[in-house]
Every structure is written in structure tokens, then in C-alpha cells.
Amino acid sequence: MRYFKRLTLVLLTMIMTVSTAFASDTAVIEIVTLKLNEGVSYTEFAAIDKAVEDQHVAKQPGFISRESAAGENGEWLVIVHWQSAEDADASMASFMSVPAAKKFVDNIDGSTMVMKRYSRAFK
């Protein structure tokens, strides 16, 4: 009987730890869509985008993962997973201080940029 109580406690602790870790690891999904400036190729911009990821985004606290993709007619998509909205906010606040950010911004049509965040922490 004592063995089963202990086993039950261990299993409950493991389940709660895993579910908490999963929930916190995927708490915020940030989606950015934009259009590249006229004449900027996807290949050229992919290198600029990767530099932003390597030099800034991936080094920020709470960063989980990032991916980007080309669409049609100069469209570009970026998806970033953060542990919290605060982590995403902090990254945005320091974004323009990074040298790679200037090149990123210089090669996009800023009027087309749309950023949305989605939360897995349902309220």
C-alpha cells in the first residue's frame, strides 16, 4: 500500500511537471507578415532574416524557436515561439538596437508589416 502511494505521488509530480513545462514552453506564438521592398529577392532577404535571428532573437530570454518562409508576390512570414508575452515584448523593445535589424527594416515595406500574438495560456 505504501509503495502505491509513493508511486502515485511520483507519477502525479511527473505529469504536473511535464504539463507545466509544455504549457510554459509554448505560451506565446508571434506571427509577423510583411512584404519585401521592390527588387529584394527572397534569397537575399533570407540571409538578412537569419542574421536577425542569430544576432538577436535567438539570444533573448524566453526564446523557444523561430521559423520564416517566403510567400507569393514578395510576402514574408515569421513565426516565433516565446515562453511569455513579457519575453516577446522585451525582444521587440531591444530589436532596433541590433545592427542586423537596420538591414532587415531597410529591406521591407514597413506599411505592410502586421504582427499578431496568440497565447496557449487560455484565460
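Counting from 1, the numbers follow the sequence of the chain as shown.
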**Student:** Side-chain contact, heavy-atom cut-off 4.5 Å: Ile108 with Trp76?
**Tutor:**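 A side-chain contact under 4.5 Å is absent here.
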**Student:** Hey, does Val32 have a side-chain heavy atom less than 4.5 Å from the side chain of Leu77?
**Tutor:** no
**Student:** Roughly how far, to the nearest 0.5 Å, is CG of Asp87 from CD of Glu30?
**Tutor:** 11.0 Å
**Student:** Report the residues that fulfil side-chain contact (heavy atoms from CB on, under 4.5 Å) with Asn37, sequence neighbours left out, ordered by chain and then residue number.
**Tutor:**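 Asn37 satisfies side-chain contact (heavy atoms from CB on, under 4.5 Å) with Val40, Asp109 only.
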**Student:** I want to check something: taking the side chain as every heavy atom from C-beta on, are Phe63 and Val80 in contact at a cut-off of under 4.5 Å?
**Tutor:** yes
**Student:** Would you be so kind as to tabulate the donor-acceptor pairs closer than 3.5 Å made by side chains of residues 96-106, with sequence neighbours excluded?
**Tutor:**
{"residue": "Ser97", "atom": "OG", "partner": "Ser94", "partner atom": "O", "Å": "2.6"}
{"residue": "Lys102", "atom": "NZ", "partner": "Asp106", "partner atom": "OD2", "Å": "2.8"}

**Student:** To the nearest 0.5 Å, what is the distance between CE on Met92 and NE2 on His56?
**Tutor:** 8.0 Å
**Student:** What salt bridge (charged side-chain N to carboxylate O under 4.0 Å, His left out) pairs are there with at least one residue in residues 62-86, not counting sequence neighbours?
**Tutor:** Asp49-Arg66, Glu53-Arg66
**Student:** For Ile29 and Trp82: C-alpha separation, side-chain torsions, deciding distance, then whether side chain to side chain contact (heavy atoms under 4.5 Å, CB included) applies.
**Tutor:** CA-CA 6 Å; Ile29 302 168; Trp82 297 101; over 6 Å; no
**Student:** Supply the atom-to-atom distance Ser68 OG to Tyr42 OH, rounded to the nearest 0.5 angstrom.
**Tutor:**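 Result: 12.0 Å between the selected atoms.
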**Student:** Has Ser91 got a side-chain atom pairing as donor or acceptor with Val57's backbone, closer than 3.5 angstrom?
**Tutor:** no
**Student:** Atom CE of Met115 and atom CD1 of Ile31: how far apart are they, to the nearest 0.5 Å?
**Tutor:**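 Answer rounded to 0.5 Å: 11.5 Å.
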**Student:** Does any non-hydrogen side-chain atom of Met113 lie less than 4.5 Å from one of Val78?
**Tutor:** no
**Student:** Under 4.5 Å between side-chain heavy atoms, hopping through other hydrophobics if needed: is there a path connecting Tyr118 to Ile79?
**Tutor:** yes
